[in-house]
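Below you'll find the structure, written out as structure tokens, and then a few comments.
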Amino acid sequence: MNTFMGYERTDGTVGVRNHIAILSNVACANAVAQHIADAVPGAMALCHGHGCGRKLERRMHTRTLIGLGAHPNVYGTVLVSLGCEGTNPEPILTEIAQSGRPVVHIRIQDTGSTAATQKGIEAARELVAKAAAQERKAFPAGKLMLGLECGGSDALSGVTANPAIGVLSDWLVEQGGTTVLTEMTELIGTTHILGARAANEEVRRRIEETVAAAHANAVVTFGPHASRAIAPGNQDGGMSTIQEKALGCVRKGGSSPIMEVVDYAQKPSASGLVIMDGPGYDAESLPGLAGMGCQIIIFSTGRGNPLGFPTVPVIKVASNTPLAERMRDDIDLDAGKLLQVDYNFDDALAEYSQFLLEVASGKETKAELNRQGGLVSLHTFSRCV
Amino acid sequence: MSAERKHIIIISDKDNVAVAVDPLPAGRKVALPDGREIVARGDIPASHKIALRDIPKGESVYRYGDPIGYATTDIFVGDWVHVHNLDAIDIMISREGESS
């Protein structure tokens, strides 16, 4: 039965968790937000390094904060602002309220940080009590939006973990769900291949545009040979061409048609496989996936990466069994088993789809058990002032 | 669960190469899912590619069901396939200099 037990939200989304978000509007408000969250079980701090000083990212960062506050996994939000920051809290409060979620605003400059913390704790406690009345109900797997990430890849990532995730991605799309491929630097060299899978001409054009921009950015950052992104280490590991390396990453998205290309932290209008225009850097990629509404993220790794996200469960898939054993406290699934004669892709699909539905229904991933949430690393691309 | 390892991994039916799980020495016989048996024509390092079919010069090399490049010389079934006989279609690849 392809269902999970989730929290119904008034905006039609379904949460796999029931968090109270303590959302910092600006870095200067981080400490107060963290103190509030630390004092209230059930509250999760979402702190980041921005909210002021960077004008170019203002719209993207505001959209991300809205997405984190109005997230399926979040019952209600306490937004902590300073009072003079560049990011205006009003549209964030309005959008979260419009999603049907309770939202409380605490402005530090009104009262000072001590009183702000106390007010925030009281507000968070009240929200946690209200959230506790929510109960999980059965929903089809198609209500899930699954982010697809790879980090710390090794020679086997494209052989085991990523193809296994691709099989899961195709399965979820068949159920009516949404999966999200991102990390545009990993798509360089595959434009014509992905373009052929685009649902329509507009999607094809957007794929070309966003990959070209990622390529241009790589050249600016790394110099004219950036396009030859296969390092000697990659070649020793078996990669012969940039297309092969990129296809190994793209494989996480399976073979489904690509329905839409969205901006960082932008909610898709289509279901199915979509692409989010975002960086290859995992710490900045995850907030984009969370901000667009992914309830769960699945993350392949060959060298081992414990990174999680405060309000979104991150499932870790090891490309090789030695890693799964060495970092067993951080790894959920071992794709290295695919190297064994008695375990194939249909076995991986059965295991991963069941695990996905269990996580959706409340089972904690290793990253959640280890409280690997950490700082929300909002994507940046401009110089600071 | 047995710990015996596969010889190769094939991702898609369209693929004309497969990846060696462990090093395949020249002469090693490899059973394919379609019932054929092929023989490694050279030493294939772990995680490197072995040709599942003959790939004439200029033809596409398929992995993940998509072309990853073309054969720069005639490739025979069982050959090690890598930068010495496979090149990228995309002219973005620059062959001189080091990358990061």
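Chain letters run A, B, ... following the sequence lines, proteins first, then strands; residues in each count from 1.
In this structure a side-chain-to-backbone donor-acceptor pair under 3.5 Å is present from A:T241 to B:I68. Between the side chain of B:H82 and the backbone N or O of A:D236, no donor-acceptor pair lies under 3.5 Å.
Between B:K6 and A:L339 the shortest side-chain heavy-atom distance does not fall below 4.5 Å.
The nearest pair of heavy atoms linking B:Y64 to A:E244 is CE1-O, 3.9 Å. Heavy atoms only, all atoms of each residue included: B:P67 and A:L247 are closest at O-CD1, 4.1 Å. Across all non-hydrogen atoms, the minimal contact from B:S47 to A:L156 is OG-CD2, 4.2 Å. For the residue pair B:A88 and A:Q243, the shortest heavy atom distance occurs at CB-OE1, 3.6 Å.
Contacts of B:V81 with chain A are made by backbone atoms alone, with heavy-atom separations under 4.5 Å and no side-chain atom involved. With a 4.5 Å cut-off on non-hydrogen atoms, B:I44 does not touch chain A at all. Looking at A:I193, the atoms closer than 4.5 Å to chain B (heavy atoms on both sides) all sit in the side chain, from C-beta outward.
Chain A forms more heavy-atom pairs under 4.5 Å with one residue of B:H84, B:H48, B:H7 than with any other, namely B:H48.
Other residues, nucleotides and ligands place more than 12 heavy atoms under 6.0 Å from the CD atom of A:E358.
Interface with chain A: from residues 13-25 of chain B, residues B:V19, B:V21 qualify, criterion being any non-hydrogen pair under 4.5 Å.
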